[in-house]
Every structure is written in C-alpha cells, then in structure tokens.
Amino acid sequence: SPQDFSSKDKPIASPSVRRRAWELGLDLTQVRPSGSGGRIMHADLEGCAPQPRVLAGPIA
Amino acid sequence: GSADLSCDLLVLGAGPGGYSAAFRAADLGLKVIVVERYAALGGVCLNVGCIPSKALLHVAAVMDEVSHLGDLGVDFGAPSVNVDKLRGHKEKVISKLTGGLAAMAKMRKVTVVRGYGSFIDAHHVEVEETSGEAQAKTGAKKTIHFSQAIIAAGSQAVRLPFLPQDERIVDSTGALELKGTPKKMLIIGGGIIGLEMGTVYSTLGARLDVVEMLDGLMQGADRDLVKVWQKMNAKRFDNIMLKTKTVGATATPEGIKVQFEGLDGTKSEGLYDLVLQAVGRTPNGKKVAAEKAGVAVTDRGFINVDVQMRTNVPHIFAIGDVVGQPMLAHKAVHEAHVAAEVAAGVQLGDANLAKSQFDARVIPSVAYTDPEVAWVGLTEDQAKAQGIKVKKGLFPWTASGRAIANGRDEGFTKLLFDDSPEAHGHGKILGGGIVGTHAGDMIGEIALAIEMGANAVDIGKTIHPHPTLGESIGMAAEVAHGSCTDLPPTRK
Amino acid sequence: GSADLSCDLLVLGAGPGGYSAAFRAADLGLKVIVVERYAALGGVCLNVGCIPSKALLHVAAVMDEVSHLGDLGVDFGAPSVNVDKLRGHKEKVISKLTGGLAAMAKMRKVTVVRGYGSFIDAHHVEVEETSGEAQAKTGAKKTIHFSQAIIAAGSQAVRLPFLPQDERIVDSTGALELKGTPKKMLIIGGGIIGLEMGTVYSTLGARLDVVEMLDGLMQGADRDLVKVWQKMNAKRFDNIMLKTKTVGATATPEGIKVQFEGLDGTKSEGLYDLVLQAVGRTPNGKKVAAEKAGVAVTDRGFINVDVQMRTNVPHIFAIGDVVGQPMLAHKAVHEAHVAAEVAAGVQLGDANLAKSQFDARVIPSVAYTDPEVAWVGLTEDQAKAQGIKVKKGLFPWTASGRAIANGRDEGFTKLLFDDSPEAHGHGKILGGGIVGTHAGDMIGEIALAIEMGANAVDIGKTIHPHPTLGESIGMAAEVAHGSCTDLPPTRK
Ligand SMILES: Cc1cc2nc3c(=O)[nH]c(=O)nc-3n(C[C@H](O)[C@H](O)[C@H](O)COP(=O)(O)OP(=O)(O)OC[C@H]3O[C@@H](n4cnc5c(N)ncnc54)[C@H](O)[C@@H]3O)c2cc1C
Ligand SMILES: Cc1cc2nc3c(=O)[nH]c(=O)nc-3n(C[C@H](O)[C@H](O)[C@H](O)COP(=O)(O)OP(=O)(O)OC[C@H]3O[C@@H](n4cnc5c(N)ncnc54)[C@H](O)[C@@H]3O)c2cc1C
C-alpha cells in the first residue's frame, strides 16, 4: 500500500515543498529546516545542491 | 501492424482512475483515446459504487433523522416509500454525473472508443466493440496504436463459488438495483460496502444479519470508532456473527437457506429473502492480456507499479483498483494525475512534469454509514502493533454544543501525535479518526494537517468556528496539548 | 479595604470568554473566582445565542429537507408541530450544556459568585448578589479582592429607541423564546442573527420581510456566496428591503405597523405579527465601572487591549465581545486562553506562559442558514478593495457527486491564493468561502490551511475522500493550480 504510516521518520515538509524538492533533485533529509517545529520551507530549498536520488521501489 | 486509430496515450477503462488520467493528459496536450466496455463513463464508482450508494444512504439518513424528530416536537407520520421513484432518483443522480463526464470528454477532445480492450503487443490494443446497456459484443473490432498507455481496468466483486445462482443472491451491484425491500437480509462480509448497503435496506424495513470471518466489523478502523457506530446501529441487526464462515446455501421457495460455521466449530443456519455478498473486490488485471504487452500481473490479478505509476514496462502505467489497496476512488484519481503527468512530461519533453510522483502521505477512508466513520493515517491499533509512541487527543461530542443541538452527540474526534523522544513533546500529527455525522466531510482537514506536518499547537491554535462539529478537531488538538477548557480537567 | 473573598484571578462574566479563561487559569494553577449575574454559566452563547439558535435551526433544516424527499420517493405528510415541545427540546439542549459547565467549574475548584459585579478600584470588585431566573438584586453585597482580573462582560442587543414597548417586538433573546408562530414577521437588520432566526420562523410557517440599511444581506461575506443563499431562500421572503431605514412603528391590535424609508426617499409601510430587531450588539464595557479600576473604555463601550489581551491597566485583561469585532464565541475562547495564560505566567513566574499572545491569522465566520455560508480570511471584495492580486480556485458543487447525491448541489467552494509577483505562481492561500450544506463544519480546514501557510499544491495534493463535500476544498485548490479533472477544461 502506498500509505506511509511511518512518516514520522520523514522530514516535515508540505506536499508542495516535497514536489519542488524532487523537481530540483533534492533529498529532503539533507535539507536544513527553518520552519517552526522543524518544517522545511520553500526558502530552505534554494541554493541546495541536487543529490543523486533513487525512486522508491514498487509500492503496490 | 496497421492500426485503425492512433494516439499519444491510450487509457484502458473509464472509471475515476481512467477518466481522470485521460482528462489530465488531454489538458496537458496529449492526444488521448479512452477504451471503455460500458456505455457510460465513470466506472464502478459512478455507476454501481460510490455515487448510487450515497444517493440511497442520504435518503436513508434523512428518514432515520425524521424518526427522532417527534421527540423534539415535530411529528411526521410514517412515510410512504415508493421504491420505483427512489430508484429513479438514484438513476437520475448517476446520469447527471455520467452525462457530465461525456460532455467533458468531448470538450477535451478525448476520443472514447466503446468496447472490450486487450493488449496485442506493447504498442497496440485491440477493441472488441460492445453495445447496449451491458457489454454485449457486436463482433466488430478495432486496433489502436499508442505511444504510451495507462491500465485503469478496476476491479469487480468477489463471488463465493458455492452460492447458487438465484436472483435473491446479489453483490453490491445487484443490491443497488433496489428491486424491492426484503424482510430479512444477510450481509456476507462486514466491510464498508456491505454495511452501507445494509443501512439502506434496514432503513427501508429489512432486518439484518451479518456474517464476518474476522473478529470485528469495519476492519481497518480503530475499534473505539467502530464501537460507536455499532452501538447506534445495534437495533438494525438480529445477528452479528463474527469469526464465522458462510459454508453453504440453498435456494428454497421460502428463501435462501444459508449455513454458517464458527471458527470454534459451532454450526448454525438462517433463512433470508436477500443475501448480499460483500466479501471484497478482485482486480481486473488478468483480463486485459497485459502479458502480451510484457506487463507483469500478480497471481491475484494486481499490476505492480512504482511511485510514478509505471508498470515493469516503462511506457505503460497502471492506476486505481488494479494496482492495489486501498481500493478507493480518491486514490485512483490522484494516481491518475501522476500517471498522466509523467506520460505527458515524457511525450512533450517537460522534465518537471516527467518527475511527477505519487507522494501523498495518507489516504483517508470513510464508511458512509449513520453515523459516518472516517479515519486517516496512523490508527491506534497500528501504532500499538508497530510500537510507535503516540499522544492521543480525544474530544467526545457529548461536550460539543453543536452535536448536542443536533441531537447527535454519540460521536468523537481523535487525533494521534508523534510522542517519540525525538519529537520533544511537539510531535506532528500522524493520524486521526472521527465517528459522527459529517465525519467524512471533516476528515480532509486531518489529512491536510498530516500532509503539512502540523502539530497539536498548530491545529489547536487554528480558530475553528463555534458551534460546529468541525471545531471538535481543534478541541482534540487542545486535549493533546492539555489546553482544552470544554472538557473536565485532566487529573494530574 | 477588607474583602469577603480573595483570589489570584477574578473573571467578570461567565460567557464563552469568561468560563474558558477561568477554566484555563484554574488548570494552570490559579485560584479563580468567576462573577456572573445569571444563574446559568455560558453567557449569551449558550443561553440565548449560538446554541439555542442552532438547536432550532437543526430542526428547521430537517423539516426543509423532508419537504423535498417526496420527489425522491419518500413521502412524509405535513408534520404536526408542537411548539411547546420544540421549545422544551431547546431548553434541554441548553441545560445539558450549562449543567456541564457548572460541573466542570466545580471539578476545577473555580468559585462562582452569583451577582452583578462592578469595580471599586484596581484590585477590588463589588458584587451585588442576584437571584431567580433573571438578575433581580437581593440587596446583599460582597467585596472580592483580586491580584489580576479579566473583564468578559460581553455584549447585548441594540434596541431601536423609537420602537414601542410591545411583546410582539423582540430581540434575538425574545425570538428564541419561541412563543408562537407568527404569520408575518419583520426582521430589522439583514445580518446573520436576524437571518438565522428568520429561517426558523419561516420554516415554522411565517412569511418574512427583511429591512436592511446597507445594499445587501449578510454583510462581510462575498456577494457570490450570499447570492446562492439568497436564491435558495427567496421563497421565504415577501420583501427584501435594501438601502432602507426603519423610521417608525406603532402597536395596533391587528399587528405592529412599521414605517420604512428608502435611501432614495421612498416611503412604505408594513403590518407584522412579530418584529425582530437584529441591528447589532453593543458591548457591556460601560456597565462594570471599569473607570474605577483605571481601565479605559471607548465611547461605544469597547475596552481596548493589546495582543496579550491586556487593557491599559496591565494586570487587568479584557476578552470577547467587549473588546471588539468580530463578536463571535470562538474568538472569545481563543482570547480567553491567551489572557489566562499570561495571567498565570505572571503569577507563577512562568516566562513562556507569560509570553502568550493572540496571533491567529484569521477568524472564520459562519451563517448557520440553509444552505450554510462560511468564510475565513481574505474575501474577494477585500482583495479588490485593497488591491491584493489573488488567484481564485472555485469548485461548483454541480460537479460534486456527493452534493448531487444529496440533492443539494447549489453550493460552491472558493479559495483565494496570493498571486502577487513575489509569490511566483506558488502563492499561499489567503482566504476562502463555502456556501452549501455543512459549510461551517468544513471551513476549519481552510482556516488551518491559512495558518499553516499552505498553497494550492499543498491543498490539492492532499487526498480528500470521495464522495464528500469536503473534497470540494481539494478540487478548488486544483482549479487554482489548473489540474482539476472534474470540471470542464479551462480555455487557454
Ligand atoms: C458499492 C460500492 C461502493 C463504493 N463506495 C466507495 C466510496 O464511497 N468511496 C470510494 O472512494 N470508493 C468507493 N468504492 C470503490 C470505488 O468504486 C473504486 O475504488 C473505484 O471505482 C476504482 O476506480 P478505477 O478507475 O480504478 O476502476 P473502476 O471504477 O472499476 O473502473 C474500471 C473501468 O474499466 C472498465 N474496463 C475494465 N476492463 C476493461 C476492458 N478490458 N476493456 C474496456 N473497459 C474495461 C470497466 O468497465 C470500468 O468502467 C465503492 C465500490 C463499490 C462496489
Ligand atoms: C442569537 C445569537 C446567536 C449567536 N450565534 C453565534 C454563533 O453561532 N457563533 C458564534 O461564534 N457567536 C454567536 N453569537 C455571538 C456570541 O454569543 C458571542 O460572541 C459570545 O457569547 C461572546 O462571549 P463573551 O464571553 O464575550 O460574552 P457573553 O456571552 O455576552 O457573556 C458575558 C457574560 O457576562 C455577564 N455579565 C456581564 N456584565 C456583568 C456584570 N457586571 N456582572 C456579572 N456578570 C456580568 C453576562 O451575564 C454574561 O453571562 C450569537 C449571538 C446571538 C445573540
């Protein structure tokens, strides 16, 4: 199932930040969050270097 | 070989997955053909699923509501129910929506080819033309060439092999035909679909039995949510048979005789005017000759995909019920958009679109029973099973002014926050559930909170209007945070 | 001087503001006394406001719903309405809630002193004991010493001076008493309170006139939202008199004769069985002898406060209707928590608590009419007036499967996103509105989205369950983003 119940281990980032990160080829675990509660904000993505990133495996 | 038609993107199946993918791809500039065996677009959801069931459930909910209104000073007598007219209402709702889909397909210049589609190879589908209300084949055939394809063939109800062929034994599609109102109805399978249909028939006058192999109804939801539903609905049921298998059935003039066997070996029997099989749905993956295109299909008929909804053949995608659980329309639609975007991105050379992926953290579930039961993300049962430490905020609707004003204070709203040491007491929300009227309309806020990574302060400090049922979400967050003043103080 | 009682925190008034502040402060460890002139806690909201109005509106909504159910095949005859029983239901709802408040005050060891409170100086309040159903003074007096105080004295209905004293002329409190069902009712003032009460009386059989000085009903909400409500409710009204003043009235045996004058000078007259004055509420700031404590009160009776809810006298706070618009219970509660936290922080030396401040971005508004109208944050009218560039996403419920299934597709959901150049097309949500059934239960999601700084992708990519009315929020975001596939394509 694509539901991600274990997301507690994931960086805190909204859908649009996540989307922008993958467009930029960024790994969110490598981005330093500036938002309250450790949230990664759009501005945090600026100037980050893209990392080689693998798409996750099969989800279904 | 030569093809009769050609397109950038072929979409096989016009359910919520298929039409959403086709429309999105067309909007992005692709030439799209949709192949659908039935006359109406919309698939299971619009024609024999989500929509007709809710049209009937709404009427049932109002009827149930009215039956309590006498206590409040407004006395309606017993209603006269015209089942034909009720069925007509349901049909009107469906055709309004399917008519809308057909019109929108036209506006988008999406070509709809009516017929049964099967892959011939990795770039061709053969369509056996169908006509009429169902899927009768005319004998005519067409070949369509595609650059990319999306398989959105959906699923169908599982049929128990030992049940006899009899018009008093139906699946959800048969039940939605609403041929009459049975006195005594058996629901095989205590999942959402069976319980929704049971609600409708029981409000129309049927007494219900339900038989379920597992140890509780409405699996997937936390037991505390289900308990509230069950208490409110106990009066509909004569027997709730848990941990029990249906082992045989015979059609007799008096009714369908059904045999049960408990996991503990006890045997029993019942006689029913209507038997609804609602034991699950099976994907249609094996019915499209996917192997001819090189697409792998699992033994159970599912098609595996990656986060971009690609099958093992990179230019062929699959979405919706055919790719796996949860089999829900809103999952299909979101997957559809991803597949369409990736396909368009590849075809049009748009790198950002081509990177699209399905990345929602959570997919909400709703049982549109009365009360509704809705949940999203982590459940308490899962937290326990997975050893995830959570802080719970639970707001009982007995303290909700609106629920009391509505005479419906049986519900509650519950939120679960990350309580791991790393969260330092500010953990973000991981899941939530609501049981009560309008639960399904409000669970979206909890889904948004999860996607945004909100914590209890974020939600609790968001001002929700008073007096609403929706404010129970803010209150539940305050409970987790320890700042709720609409409940008794927590013991220190 | 010597005092009969002493406390850390005195709260003057036990409405939503007062009791929430008292409870929060007690939970944080303060010794709290609440002074309230009436027997029941809960203030306007619970006793003669939010709650009783919604208890009646709910019954009205079900009655209206039932009147359409015949078209769907379920025919209830006309109901027999027992107004005494209906009033009894409303009373039961109120006492359930006020009883709960009294119990919770006890559990928290909050002392409730019944009586009319006035400041004597900056650390003392004198309470003239009251008794009975209303606020009759017994003559007994008590003096209470406090370290800090919160003024939560609320507001009361404005009374038009030229209206005669007659029991057929009422304010909202009188209308909620539901003494009978008039044939012909006038509502003076086309705001939410008047229109809610009008809805109840019209469903019970009254024909309505409404007179409003401004150029539209339900001021504050965008006109497109109001238009939908107005179209659905046109049948309730004989006359909607806009830009019109009520200039006089005389009580006659046949009814109340009321004179109107349009802004253009045209004069007219009407005869009514019941006249509801709903022209606004005025704060009770001038009635607590605040000046004796050194607290400044404006000419109109408001008490100005800072973001920590402090008046000009730093140890005296004010919250709720008495501090300003919007006069809404949920605003009062959130302000109450801030004041209580600051007071407790100061008293207990907790620096973090003492820093608490009211910093919600938005406060939602809801008209609990049928359909409901709800809005939060920036409106389109405001955006236009202030020159703020917004991108609008509007999802009409004619495309919502659930709304159609419910037979209620008149509504729509609209979101406004920042479209300034600096937003680079990813602007945050600034506001939103919903008109339709359950609107009030769903507007909280939009408030949360605004507080979290969500943009159209955040909301649109959050999976909302299908088929719900709530998914219209996700769809509206998709419309703004250009990715909605449940509507016709946007022309390019
Ligand atoms: C009674 C009932 C109630 C439900 N209620 C809800 C609900 O409230 N909410 C919710 O989210 N989900 C609900 N569901 C589930 C929902 O209907 C499905 O998840 C959804 O329809 C899946 O969409 P899909 O596009 O994957 O497939 P489907 O809707 O199954 O559509 C597949 C389409 O493909 C066509 N097709 C298949 N094979 C071929 C072929 N070879 N050639 C041509 N055409 C083909 C089919 O005719 C069909 O139109 C309900 C289901 C049922 C049965
Ligand atoms: C008909 C109607 C419907 C409404 N519906 C809604 C709604 O749906 N949603 C919403 O958010 N708001 C609604 N409101 C507004 C809402 O009731 C007020 O915003 C809310 O009650 C304000 O709370 P408060 O604590 O500031 O003051 P109040 O509720 O006015 O409470 C003030 C309390 O202080 C007491 N008091 C005042 N002076 C003294 C004194 N000197 N000594 C002792 N006691 C004193 C009063 O008796 C009262 O109990 C409605 C109002 C009306 C009239």
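The figures here come from the full heavy-atom set of this structure, side chains too, leaving out hydrogens, waters and symmetry mates. Here the structure is a predicted model, which means the values were calculated and not measured.
When each of B:Gly77, B:Ser80, B:Ala55 is checked for heavy-atom pairs under 4.5 Å with chain C, B:Ser80 comes out on top. By number of non-hydrogen pairs under 4.5 angstrom with chain B, the leading residue of C:Lys461, C:Lys54, C:Glu445 is C:Glu445. For chain B, the option among C:Leu86, C:Leu448, C:Leu101, C:Leu46 with the highest count of heavy-atom pairs below 4.5 Å is C:Leu448. Per-residue heavy-atom pair counts under 4.5 Å with chain C were compared for B:Ala105, B:Ser472, B:Gly440, and the maximum is reached by B:Gly440. Ranked by heavy-atom pairs shorter than 4.5 Å toward chain B, the options C:Gly460, C:Gly407, C:Pro465, C:Gly470 are led by C:Pro465. Chain C forms more heavy-atom pairs under 4.5 Å with one residue of B:Cys484, B:Pro467, B:Ala329, B:Ala399 than with any other, namely B:Pro467. Comparing C:Phe358, C:Tyr368, C:Phe23 by how many heavy-atom pairs each has under 4.5 Å with chain B, the most go to C:Tyr368. Of the residues considered (B:Leu204, B:Ile459, B:Asp486), B:Asp486 shows the highest number of contacts with chain C, using heavy-atom pairs under 4.5 Å. Chain B forms the most heavy-atom pairs under 4.5 Å with one residue out of C:Val59, C:Val93, C:Asp75, and that residue is C:Asp75.
For chain C, the nearby part of B:Lys96 is the side chain; its heavy atoms alone come within less than 4.5 Å. Proximity to chain C is absent for every atom of B:Asp359, based on heavy atoms less than 4.5 angstrom apart. Contact of C:His466 with chain B is made through backbone and side chain together, with heavy-atom distances under 4.5 Å. Contact annotation for B:Val366: only side-chain heavy atoms (C-beta onward) come within less than 4.5 Å of a heavy atom of chain C. With a 4.5 angstrom heavy-atom cutoff, C:Val362 touches chain B only via backbone atoms. Interface remark: B:His334 contributes side-chain atoms only to the contact with chain C (heavy atom separation under 4.5 Å). If you measure heavy-atom distances from C:Glu471 to chain B, you find no contacts under 4.5 Å at all. For B:Cys45, the part lying under 4.5 angstrom from a heavy atom of chain C is the side chain only. Using a 4.5 Å cut-off between heavy atoms, B:Ala336 does not touch chain C at all. With a threshold of 4.5 angstrom between heavy atoms, B:Glu478 approaches chain C through side-chain atoms but not through N, CA, C or O. If you measure heavy-atom distances from B:Ile51 to chain C, the contacts under 4.5 Å come from both the backbone and the side chain. Within the 4.5 angstrom heavy-atom criterion, only side-chain atoms of B:Leu97, from C-beta onward, approach chain C. Only the side chain of B:Ile443 comes within contact range of chain C, with heavy atoms under 4.5 Å apart. Both the backbone and the side chain of B:His330 come within less than 4.5 Å of a heavy atom of chain C.
Note: B:Phe76 and C:Phe76 have perpendicular aromatic rings, judged against thresholds of 30 and 60 degrees for the angle between ring planes.
Other residues, nucleotides and ligands place more than 12 heavy atoms under 6.0 Å from the CZ atom of C:Arg87.
Taking each heavy atom of C:Ala360 and B:Ile463 in turn, the nearest pair found is CB-CD1, 3.6 Å. Between B:Leu69 and C:Val62, the shortest heavy-atom contact is CD2-CG1, 3.7 Å. Of all heavy-atom pairs spanning C:Gly73 and B:Lys85, the tightest one is CA-CB, 3.6 Å. When all heavy atoms of B:Met107 and C:Pro488 are compared, the closest pair comes out as SD-CB, 3.6 Å. Closest non-hydrogen pair, B:Arg402 versus C:Glu372, comes out as NH2-OE2, 2.8 Å. In this structure, C:Arg24 and B:Gly482 approach most closely via the heavy-atom pair NH1-O, 3.5 Å.
Atom OG in B:Ser483 sits 9.5 Å away from atom CG in C:Asp27 (nearest 0.5 Å). Of the inter-residue distances, the one linking C:Met63 atom CE with B:Glu65 atom CD reads 12.5 Å to the nearest 0.5 angstrom. Atom CG of residue C:Leu56 and atom CG of residue B:Leu72 lie 10.0 Å apart, to the nearest 0.5 angstrom. Interatomic distance, B:Leu57 CG to C:Asn406 CG, rounded to the nearest 0.5 Å: 10.0 Å. Rounding to the nearest 0.5 Å gives a distance of 8.0 Å between OG1 of C:Thr437 and NE2 of B:His58. Expressed to the nearest 0.5 Å, how far CG of C:Asp71 lies from CG of B:Asn82 amounts to 11.5 Å.
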Just do the side-chain hydrogen bond (donor to acceptor under 3.5 Å, both in side chains) check on B:His337 and C:Thr485 with the steps written out, would you? CA-CA 9 Å; B:His337 286 185; C:Thr485 50; 2.8 Å; yes
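Counting only distance, with no hydrogens or angles, the side chain of B:Asp441 and the backbone of C:Leu469 share a donor-acceptor pair below 3.5 Å.
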